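The structure displayed is predicted, hence computed values, not measured ones.
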Amino acid sequence: MNIEEVREYCLKKVASNESFPFDDTTLVFKVVDRMFALVSLNTPDSICLKCEPDYAIELRDKYNGIIGAPHFNKKHWNKVSFEEDVPDSLILNLIDHSYEEVIKKFTRKQKALYNELS
């Protein structure tokens, strides 16, 4: 798995977009206006993804390549390495999971916009 594959996968999601809201090297993927993935272009060997809290802990216990995401609420965010023991198929599933976790928390206005874009 590499950054280009991840980027293409994230951008295929309904209502997804990419931006650099923090600086010129932190690529953020959003659904509507909520972040579901983040990659540092300085070190494009991992991705930060939102995760259901119990599942996040389970994943960290099972894989060396999954840790609590630095600079994020570690209860809800994991950093997933592309170069360690995390299978590519799981990385794609975790991107899906992150996307769905964000959608579950949408406000009515965000849901309406999402439905318009679907």
Side-chain angles (χ1 to χ4, degrees):
M1 183 79 23
N2 65 50
I3 182 62
E4 273 306 311
E5 292 169 314
V6 165
R7 180 179 175 269
E8 288 175 21
Y9 190 78
C10 288
L11 291 175
K12 286 182 183 177
K13 301 271 183 214
V14 172
S16 69
N17 62 75
E18 64 183 341
S19 63
F20 291 90
F22 304 119
D23 56 40
D24 293 342
T25 61
T26 306
L27 179 59
V28 173
F29 297 95
K30 294 181 180 182
V31 53
V32 179
D33 60 356
R34 305 257 328 251
M35 183 170 59
F36 72 93
L38 178 142
V39 176
S40 170
L41 298 181
N42 287 335
T43 54
D45 61 348
S46 63
I47 187 169
C48 293
L49 299 166
K50 192 159 192 173
C51 193
E52 187 278 322
D54 291 335
Y55 188 39
I57 292 168
E58 179 184 323
L59 290 165
R60 291 176 206 160
D61 288 343
K62 186 170 183 179
Y63 297 97
N64 292 328
I66 300 179
I67 61 171
H71 312 296
F72 284 90
N73 180 334
K74 288 166 187 52
K75 179 178 178 182
H76 297 281
W77 287 86
N78 280 336
K79 180 179 177 184
V80 181
S81 174
F82 302 146
E83 299 175 354
E84 290 195 42
D85 61 342
V86 185
D88 289 354
S89 60
L90 179 58
I91 293 171
L92 296 178
N93 287 337
L94 292 174
I95 292 170
D96 295 341
H97 177 73
S98 180
Y99 179 86
E100 293 299 324
E101 285 293 300
V102 169
I103 290 172
K104 282 197 286 190
K105 305 290 184 186
F106 273 177
T107 64
R108 282 188 191 150
K109 184 178 179 180
Q110 290 168 325
K111 284 178 189 173
L113 183 55
Y114 178 79
N115 290 332
E116 282 179 29
L117 298 170
S118 297

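- The side chain to side chain donor-acceptor pair (under 3.5 Å) test applied to R7 returns E18, not counting sequence neighbours.
- Listed by first and then second residue, the side-chain hydrogen bond (donor to acceptor under 3.5 Å, both in side chains) pairs involving residues 27-36 are D33-Q110 (not counting sequence neighbours).
- Between L41 and T26, the closest side-chain pair of non-hydrogen atoms is not below 4.5 Å.
- Residues satisfying the ring pair (Phe, Tyr, Trp, His ring centres under 6.0 Å) criterion with F22, sequence neighbours excluded, are absent altogether.
- Pairs of residues two or more places apart, or lying in two chains, that qualify as side-chain hydrogen bond (donor to acceptor under 3.5 Å, both in side chains) and include a residue from residues 51-63 are R60-N78.
- Taking 4.5 Å as the limit, some side-chain heavy atom of P53 sits within range of a side-chain heavy atom of H76.
- Atom CD in E100 sits 11.5 Å away from atom CG in N93 (nearest 0.5 Å).
- Of the possible donor and acceptor atoms, none in the side chain of S98 sits under 3.5 Å from a partner among the backbone N and O of L49.
- Within the 4.5 Å cutoff, the side chain of F106 has no heavy atoms near those of the L113 side chain.
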Could you give the side-chain donor-acceptor pairs of residues 64-73 under 3.5 Å, partners two or more places apart or in another chain?
unit_1	atom_1	unit_2	atom_2	d
N73	OD1	K75	N	2.8

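- Residues passing the side chain to side chain donor-acceptor pair (under 3.5 Å) test with S19: none are found, sequence neighbours excluded.
- In this structure, I57 is not a member of the same hydrophobic cluster as L90, with clusters built from ILVMFWY side-chain heavy atoms closer than 4.5 Å.
- A search for side chain to side chain donor-acceptor pair (under 3.5 Å) contacts involving E84 returns nothing, not counting sequence neighbours.
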Report, one line per pair, each donor and acceptor closer than 3.5 Å where one atom sits in a side chain of residues 9-17; sequence neighbours left out.
unit_1	atom_1	unit_2	atom_2	d
Y9	OH	D96	OD1	2.7
Y9	OH	D96	OD2	2.9
K13	NZ	D96	OD1	2.3
S16	OG	C10	O	2.9
S16	OG	L11	O	3.2
S16	OG	K13	O	2.9
N17	ND2	V32	O	3.3

Review point. Can you check side-chain contact (heavy atoms from CB on, under 4.5 Å) on M1 and V6, steps first, answer last?
Key: CA-CA 7 Å; M1 183 79 23; V6 165; 3.5 Å; yes

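- For E83, the side-chain contact (heavy atoms from CB on, under 4.5 Å) partners are D45, S81, not counting sequence neighbours.
- We find the NZ-SG distance between K79 and C48 to be 6.5 Å, quoted to the nearest 0.5 Å.
- In this structure the side chain of I103 never reaches within 4.5 angstrom of the side chain of F36, judged on heavy atoms.
- Within the structure, salt bridge (Lys or Arg N to Asp or Glu O under 4.0 Å) contacts touching residues 108-118 (residues at least two apart or in different chains) do not occur.
- Residues Y99 and K104 are not in side-chain contact: their nearest non-hydrogen atoms beyond the backbone lie 4.5 Å or more apart.
- Side-chain contact, S118 with N115: no donor N or O sits under 3.5 Å from an acceptor N or O.
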Practice item. Before giving the answer on side-chain contact (heavy atoms from CB on, under 4.5 Å), spell out for L59 and V86 the whole-Å C-alpha distance, their side-chain angles and the decisive distance to 0.1 Å. Key: CA-CA 10 Å; L59 290 165; V86 185; over 6 Å; no

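- Using a 4.5 Å heavy-atom cutoff, the side chains of I47 and I3 are not in contact.
- Taking CH2 of W77 as the start and SG of C51 as the end, the distance is 10.5 Å to the nearest 0.5 Å.
- Partners of K105 by side chain to side chain donor-acceptor pair (under 3.5 Å), not counting sequence neighbours: none found.
- Legend: residues meeting ring pair (Phe, Tyr, Trp, His ring centres under 6.0 Å) with F29, ordered by chain and number and at least two apart, are absent.
- Side-chain atoms of L92 and E5, non-hydrogen and from C-beta on, never get closer than 4.5 Å to each other.
- The closest side-chain heavy-atom distance from V31 to Y114 is below 4.5 Å.
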